[in-house]
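Here is the structure we will look at, set down as structure tokens.
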There are 4 protein chains.
Amino acid sequence: MSPRSKEQFEEIREASQRKIFDASLELFGTKGYEATSIALIAKKAGISKGLIYNYFDSKEALLQAMVDDLVSVGDDMIEKIWSDDPAKTLENLIQSIFEWFRQNENLNRLLIGLSTQVGKFQFVHDMAKGKMDGYLIMLEGLLQEIGFEDYQTEARILGTLFDGIALHHMLMKEDYPLDEVERMLIKKYCMKP
Amino acid sequence: MSPRSKEQFEEIREASQRKIFDASLELFGTKGYEATSIALIAKKAGISKGLIYNYFDSKEALLQAMVDDLVSVGDDMIEKIWSDDPAKTLENLIQSIFEWFRQNENLNRLLIGLSTQVGKFQFVHDMAKGKMDGYLIMLEGLLQEIGFEDYQTEARILGTLFDGIALHHMLMKEDYPLDEVERMLIKKYCMKP
Amino acid sequence: MSPRSKEQFEEIREASQRKIFDASLELFGTKGYEATSIALIAKKAGISKGLIYNYFDSKEALLQAMVDDLVSVGDDMIEKIWSDDPAKTLENLIQSIFEWFRQNENLNRLLIGLSTQVGKFQFVHDMAKGKMDGYLIMLEGLLQEIGFEDYQTEARILGTLFDGIALHHMLMKEDYPLDEVERMLIKKYCMKP
Amino acid sequence: MSPRSKEQFEEIREASQRKIFDASLELFGTKGYEATSIALIAKKAGISKGLIYNYFDSKEALLQAMVDDLVSVGDDMIEKIWSDDPAKTLENLIQSIFEWFRQNENLNRLLIGLSTQVGKFQFVHDMAKGKMDGYLIMLEGLLQEIGFEDYQTEARILGTLFDGIALHHMLMKEDYPLDEVERMLIKKYCMKP
DNA sequence: TATGAATGAGTTTTCATTCAT
DNA sequence: AATGAATGAAAACTCATTCAT
């Protein structure tokens, strides 16, 4: 009733939502969206099934909210890559992307899985398409500045490579030489004299 | 005594199985495995639910049989790429792979979706891992023969690119410049003097 | 077309029916009627599902035909027990019944299982009731002739014992001392001086 | 925070489970386990199919839980038979068993039906075997104390009789003279001077 | 007579969602 | 805000029976 309890409510809401997001991410990301039941999410989050419906209208709304939340975190990473030296900026970009791969295995797996279903989860397709286009333009600019002749082709190759790496890493997990491939790309694309 | 000959029965079985495979591929490949019901497959195939269980013990057994069947078709494509000139062989390989991408969109989408589930569908992971290793070795050999200095790195890049292309093509469908990328790769990797 | 082939047909029919009866008895008698599928019977009998429907209108009709057939065989056993000495006749009767228990485990198990379902399989109830009444009267007569004072009570006890033995034997199979119990009963009821 | 107390939830669960047990016992016990569908149980219990699976993992788990629950009730009956006079104890035992027959027709019918299936429902066989052995030992002790010479043989006869009575009662229902047979047994076995 | 592919109604089971408290 | 009992629609799967050959 006092203004104080309103803040407390807010905190409680925040905490519960976080618990739900964490559990959802882990389960959606490993078992897949369809194969994950609300009951299981509730159990993993340590709350009741009913509570999930206090925060989200449906299973699909929960998915969308969770993805939106996490992807926005990813966007922040890109902010910090800019440097005066385009080669350095590209290096930062590559490092950021590999860092993302390392830290967001479950989300990546989930997004790839979702984009597999045509017609459903349009927001995932739209988001992915948007990001890709953005990266492509960014890469073209950087490679041109660095001095690549066929910078358009190379930009497409590099962009495609990123997703190929995501896929390979998803398939092979710890067997995939993420660090080595990162070094290789930096050497190949950021060392142009 | 037997009213239909063994061969007639065999033909009938073959035809029904094909109908089931076709419907399964289309539905699994667009909606995903979990989101596709046996009832829907039956409807699309123009048969009864029960008949599917005359041919396959379970939904998962159907999936596996269908994947095995189609992947074996893919293996046959590789047989025909060999030439005396390694550059020509690589060109054939690239063309075969792009042809595969063009003709097997649904299967690719399905396999990617399946490999998203960790722990389940182990046969998909095993198969994918096996193919990847095979391609990597093949690519290394060809690139070395063609005369690439850092042929190991380049082989890994090329192998990764293939899967990145599959992913991009899956996401963008007709928006993805498959033909252009194919030409680009052939130019970049098969024209080494 | 010739009269000869008619006989042959008859032989074939006989043989097929026997195969079906044998398979049905074994399966119904071990797994139970409901848990046994027509497909399994056909497989065990080495014939096709369809053929069963050439001989019997339905699964239940097959059951009834099979039971009727086997029970009539049992009736024949009783014919041969009669002797001038009532004690000897009773001994023969007991031996016949124990012989029946030994040779018709599956049928006994089936009949007991069927009589478990109230309302269904009325013919089993009727048959069982009829046999029981018949045995009771027979036992009363024999025990009276042998010289038992309370022959009515003893007849009921003996009749009940037979079915208790059937049940115990069914539950314990080879662990049940059928031979010993047989000797015991003969000693107790057929040795009245 | 919790809207209903733990106790309230417990009560609700108890009540629902009881409804399910009651419906199951009646249906399993009259139609048999296999011939009774979950849908029918739900209908008879006045609840939804789904709710049954909130309480039991499977149809078979429901069966086992129900049997365990009821058999434990039966065990309590035996506790109260003991007296200083072995003849009186035996009389109490006989009365308890007949009381059990009168009150648990459906359960008896169910158990007999289940033990008919070889290989399945092992827990029923184990339970039945255990009870039988226990009764046999108890009967031997009592008959010896009462002064029967051939107490081992008589114990086996009496034990077998009990199950024969169960079977006859099951078959003939109200036509079976349960009261008369009870008096007869008490007279025969508990009046030894 | 004999086959087995095909059906469809019915079975067990799952699960997102609702709701009284 | 939080619980978990309850629902009902839909899922996977089974099986007696039919039928063209």
Side-chain angles (χ1 to χ4, degrees), chain A residues 5 8-10 12-13 15-16 34-42 47-60 62, chain B residues 1-6 8-13 15-17 34-42 47-60 62, chain C residues 5 8-9 12-13 16 34-42 47-60 62, chain D residues 1-6 8-13 15-17 34-42 47-60 62:
Chain A
S5 61
Q8 285 178 325
F9 275 145
E10 198 48 47
I12 291 171
R13 286 189 70 83
S16 291
E34 322 265 359
T36 298
S37 72
I38 291 286
L40 194 57
I41 295 174
I47 58 168
S48 71
K49 264 182 297 177
L51 191 57
I52 293 178
Y53 286 87
N54 268 8
Y55 293 99
F56 308 98
D57 283 345
S58 67
K59 193 184 173 186
E60 195 162 340
L62 160 61
Chain B
M1 246 173 241
S2 210
R4 271 184 259 213
S5 65
K6 278 262 164 70
Q8 280 175 311
F9 277 130
E10 198 48 50
E11 272 173 46
I12 292 173
R13 288 188 71 82
S16 291
Q17 227 184 61
E34 322 263 359
T36 298
S37 73
I38 291 285
L40 195 58
I41 295 174
I47 57 169
S48 69
K49 267 181 299 176
L51 189 58
I52 294 180
Y53 288 91
N54 261 4
Y55 290 93
F56 306 100
D57 284 344
S58 66
K59 192 184 173 186
E60 195 162 339
L62 160 60
Chain C
S5 59
Q8 285 177 327
F9 275 145
I12 291 172
R13 286 189 70 85
S16 292
E34 323 264 358
T36 298
S37 72
I38 291 286
L40 194 57
I41 294 174
I47 57 165
S48 71
K49 264 182 298 177
L51 190 57
I52 293 179
Y53 286 88
N54 267 6
Y55 293 99
F56 307 98
D57 284 345
S58 66
K59 191 183 174 188
E60 195 161 341
L62 159 61
Chain D
M1 244 175 241
S2 208
R4 271 184 260 212
S5 66
K6 279 262 165 69
Q8 281 175 313
F9 277 130
E10 197 48 49
E11 272 172 46
I12 291 172
R13 287 188 71 82
S16 290
Q17 225 184 63
E34 322 263 0
T36 298
S37 73
I38 290 288
L40 195 58
I41 295 174
I47 57 169
S48 68
K49 267 181 298 176
L51 189 59
I52 293 178
Y53 288 89
N54 261 4
Y55 291 93
F56 306 99
D57 284 343
S58 66
K59 192 184 173 186
E60 195 162 339
L62 160 60

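Labels below follow one simple rule: chain letters A, B, ... track the order of the sequence lines, proteins then strands, and each chain is numbered from 1.
Applying the Watson-Crick and G-U wobble criteria (two distances, each under 3.5 Å), F:dA20 pairs with E:dT3.
If you measure from atom CD of D:Glu11 to atom C1' of E:dT21, you get 14 Å, rounded to the nearest angstrom. If you take OH of B:Tyr53 and P of F:dT17, they are 22 Å apart, rounded to a whole angstrom. One atom, CZ of D:Arg13, and another, P of F:dA5, lie 5 Å apart when rounded to the nearest Å. Computed from coordinates, the C:Lys49 NZ to F:dC19 P distance equals 15 Å when rounded to whole Å. The distance from atom CZ of B:Phe56 to atom C1' of E:dA5 is 14 Å, rounded to the nearest whole Å. Between D:Glu60 atom CD and E:dT12 atom P the separation is 12 Å, expressed in whole Å. Between the CG atom of C:Leu40 and the P atom of F:dT14 there is a distance of 13 Å, rounded to whole Å. Between the CG atom of C:Leu62 and the P atom of F:dA16 there is a distance of 11 Å, given to the nearest Å.
Scanning atom types as modelled, one donor and one acceptor separated by under 3.5 angstrom connect the side chain of B:Asn54 and the base of E:dA6. Scanning atom types as modelled, one donor and one acceptor separated by under 3.5 angstrom connect the side chain of B:Arg4 and the base of F:dA20.
In this structure, D:Tyr55 and D:Ile12 approach most closely via the heavy-atom pair OH-O, 4.2 Å.
Mapping D:Glu34 and A:Glu34 onto DNA chain E by nearest heavy atom places D:Glu34 closer to the 5' end of the strand. Two residues, B:Ser58 and D:Glu10, neighbour DNA chain F, and the one matched to the more 5' nucleotide by heavy-atom proximity is D:Glu10. The 5' end of DNA chain E is approached more closely, in terms of each residue's nearest nucleotide, by C:Ile52 than by the other of C:Ile52 and A:Ile38.
Distance from the side chain of C:Phe9 is smallest to E:dT1 among F:dA2, E:dT1, F:dA11. When distances are taken from the side chain of A:Leu51 to each of E:dT7, F:dC13, F:dT3, the shortest belongs to F:dT3. Between F:dG4, F:dT17, F:dA1, one nucleotide has an atom nearer to the side chain of A:Ser48 than all others, and that is F:dG4. Nearest to the side-chain atoms of D:Gln8 among the listed nucleotides E:dT21, F:dA5, E:dA2 stands E:dT21. For B:Lys59, taking side-chain heavy atoms from C-beta onward, the closest of the listed nucleotides E:dA2, F:dC13, E:dA5 is F:dC13.
Between B:Ser16 and E:dA6, a side-chain N or O to OP1/OP2 separation shorter than 4.0 Å is present.
Counting any heavy atom pair closer than 4.0 Å across all strands shown, D:Ile12 reaches sugar-phosphate atoms only and no base atom. If you check every strand for non-hydrogen atoms under 4.0 Å, A:Tyr55 touches sugar and phosphate atoms only.
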